[in-house]
Amino acid sequence: MARGNPDIMQQSDRAGMLYVLAGVTVLTVGDAIFKSMAGEWGAAGVAALRYTMGAVGLSAILLARGGRSELLHWPRPRLQWMRGFGVALATVAIINAFFLMPLAEATAITFTQPMITALLAALFLGERMRAAVLVATVVGFIGVTIVLRPNFMDIGFAAFLPLLAALGMAILIIGNRASAGLASSLAMQAYVAITATVFLLAAAGLGMLSGHPAWQLDMPHWSVVLRCAVVAVTASFAHWLIFIGTVRAGASTVAPMTYGQLIAASILGYIFFDEIPDAMAWLGAAIIVGAGLFLWWQGRAAPAAGTQR
C-alpha cells in the first residue's frame, strides 16, 4: 500500500493546527465580548438572545441548502434535546462566570471538560474506565481547587460555575458521539442551536418569574443586541475553523491547540479588563492543562500500543 508524502502530511498537520488555534482564539474574543456586557443585561438574556440569533441564521442556511425535510426531520429527537440542554447549561454557566471571575481563570477551569467527558462516557456509553482517566481527573481537580482559591473567598459557590459549564460541554460531546453520522454537520449545528434556544428562553422566563434581581430583564440596549449578534456570527465562524482544522489534521493531532484559548484569554483579560492572574492561579491552570495533555497523550498512546502484536 502506497504511503503518503511525509512533507505533505506535515504541511496538512501544521495547517490543521493553525486552523484550530485560530478558531479557539476567535471563540475567546466572543468570551471577552460576553464579559463586556456584565452589569448591562442578565446572563440568561444574553445567552438566549445570542442563541436565538444563531438558531435563526443556521435554520435559514439549512433550509436553503437541505430543504424543509432536513430542517424538520430530526434523527433521534431525545438525543438532540440532550445536546441542546448541554449547550444551554454550559452557556448560562460560563457567561455568569465571565461576569463574576477573571477571564483566564474561568477559561482554565473549563479545561476539566475532557476529564468529565471521559467519566460520562464510561458511565453512559459503556467505554472502559482507564486508570489514566482517574489520574487525570484527580490531578485536574487539584488544579481547579488552586484556581478557585481566591474566587471562592470572593463570590462563594458561584466560583464553581466554570465547572458547571464544563459539565454542559461534556454532555454535548457525549451527545455528539452518540449522534455521529445521523445528519450533516450543518444540520447537527442547527438542531443544537434550536434546542438550546428553547432551554435558554425558558431559563430567562423562569428567572424573571423568580423575582430575583439578577435575573430580571428589561429592553436591552442596542449595543447589547449588536454584541450578541457579533458573537453569534464569530462563534459559527470559529466552529467552522475548528472543523476544517480537525478534518485536515485529525482530532488527536489538533487537540493540544485548544489550550491556546487560555493564552488568548489571558491576553484579552489583561488588555481589556486589567486582569492579571496571580502565581497560584497560573499554577492551578498549568496543573489542569497538564492533566488534560496527559489524558490526550494516553489516548494517542493506547491505540498505538494496541497495534503491536
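Throughout, numbering of the chain's residues begins at 1 and tracks the sequence.
The environment of OH in Y270 is sparse: at most 12 heavy-atom neighbours from other residues, nucleotides or ligands sit within 6.0 Å. Atom CZ of F152 is surrounded by more than 12 heavy atoms from other residues, nucleotides or ligands within 6.0 Å. Crowding of I263 atom CD1: a count of heavy atoms from other residues, nucleotides or ligands under 6.0 Å not exceeding 12. Other residues, nucleotides and ligands place no more than 12 heavy atoms under 6.0 Å from the CZ atom of F237. Around atom CZ of F85, no more than 12 heavy atoms belonging to other residues, nucleotides or ligands sit under 6.0 Å away.
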Apply side chain to side chain donor-acceptor pair (under 3.5 Å) to T195 and R83, showing your working. CA-CA 8 Å; T195 51; R83 295 170 66 237; over 6 Å; no
Is there a side chain to side chain contact (heavy atoms under 4.5 Å, CB included) between I109 and L148? Walk through the geometry before answering. CA-CA 8 Å; I109 295 172; L148 285 179; 3.4 Å; yes
Decide side chain to side chain contact (heavy atoms under 4.5 Å, CB included) for M188 and Q80; before the verdict, give the C-alpha distance in whole Å, the side-chain angles of both, and the deciding distance to 0.1 Å. CA-CA 8 Å; M188 296 303 285; Q80 308 312 322; 3.7 Å; yes
Trace of the side chain to side chain contact (heavy atoms under 4.5 Å, CB included) decision for R177 with T117: CA-CA 11 Å; R177 287 187 188 180; T117 300; 3.8 Å; yes
For V133 and M115, what are the C-alpha separation, side-chain angles and deciding distance, and is it a side chain to side chain contact (heavy atoms under 4.5 Å, CB included)? CA-CA 7 Å; V133 172; M115 285 77 88; 5.9 Å; no
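Residues F98 and T107 are in side-chain contact: their nearest non-hydrogen atoms beyond the backbone lie under 4.5 Å apart. Between W296 and P256, some side-chain heavy-atom pair lies under the 4.5 Å cut-off. A 4.5 Å side-chain heavy-atom check between L119 and T137 finds at least one atom pair inside the cut-off. Annotation: side chain of L71 is in contact with side chain of I194 (closest heavy-atom distance under 4.5 Å). Within the 4.5 Å cutoff, the side chain of Q113 has no heavy atoms near those of the T110 side chain. Within the 4.5 Å cutoff, the side chain of L172 has heavy atoms near those of the V192 side chain. Between I95 and R50, the closest side-chain pair of non-hydrogen atoms is not below 4.5 Å. Here the side chains of R68 and L63 are in contact, with some heavy-atom distance below 4.5 Å.
When hydrophobic clusters are built by joining Ile, Leu, Val, Met, Phe, Trp and Tyr residues whose side-chain heavy atoms come closer than 4.5 Å, directly or via intermediates, L293 is grouped together with V144. Grouping the Ile, Leu, Val, Met, Phe, Trp and Tyr side chains by contacts below 4.5 angstrom, directly or via other members, places F157 with L164. Cluster membership for L163 and L262, using ILVMFWY side-chain heavy atoms within less than 4.5 angstrom, is shared. Under the 4.5 Å side-chain contact rule for hydrophobic residues, L268 and W282 do not share a cluster. With hydrophobic clusters built from ILVMFWY side chains whose heavy atoms lie under 4.5 angstrom apart, L206 does not share a cluster with L201.
Contact between L79 and S179 at its shortest, heavy atoms only, is CD2-CB, 3.3 Å. The shortest non-hydrogen separation linking Y191 to H73 is OH-O, 3.4 Å. In this structure, W215 and M208 approach most closely via the heavy-atom pair O-CG, 3.6 Å. The minimum heavy-atom distance between E40 and S223, with the atom names listed, is OE1-OG, 4.0 Å. The two residues C228 and L49 come nearest to each other via the heavy atoms SG-CD2, 3.8 Å. Taking every heavy atom of both residues into account, G84 and F199 meet most closely at C-CD1, 3.8 Å.
Ring planes of F294 and W297: tilted class, angle from 30 to 60°. Ring pair W81/W74 is tilted by interplanar angle, where 30° to 60° counts as tilted.
The pair D154-R149 does not meet the salt-bridge criterion, since no charged nitrogen lies less than 4.0 angstrom from a carboxylate oxygen.
Note that CG of L186 and OG of S236 are 9.5 Å apart. Values are rounded to the nearest 0.5 Å. Within the model, atoms OG1 of T234 and CG of L27 stand 7.5 Å from one another, a figure rounded to the nearest 0.5 Å. Here the OG-CD distance, from S184 to Q189, works out to 9.0 Å after rounding to the nearest 0.5 Å. Interatomic distance, CD1 of I174 versus CD1 of I116, reported as 11.0 Å (0.5 Å rounding). Between atom CH2 of residue W222 and atom CZ of residue R227 there is a gap of 8.5 Å, rounded to the nearest 0.5 Å. With rounding to the nearest 0.5 angstrom, the CD1 atom of I173 is 10.0 Å from the CG atom of L120.
Using a distance-only test at 3.5 Å, with no hydrogens or angles considered, no donor-acceptor pair links the side chain of E105 to the main chain of M101. With hydrogens and angles disregarded, no donor-acceptor distance shorter than 3.5 Å links the side chain of S59 to the backbone of V56.
For the pair K35 and F272, the cation does not sit on the ring face, since its NZ or CZ is not both under 6.0 Å from the ring centre and inside 45° of the axis.
Under the 3.5 Å distance criterion, with hydrogens and angles disregarded, no donor-acceptor pair is assigned to the side chains of Q261 and T25.
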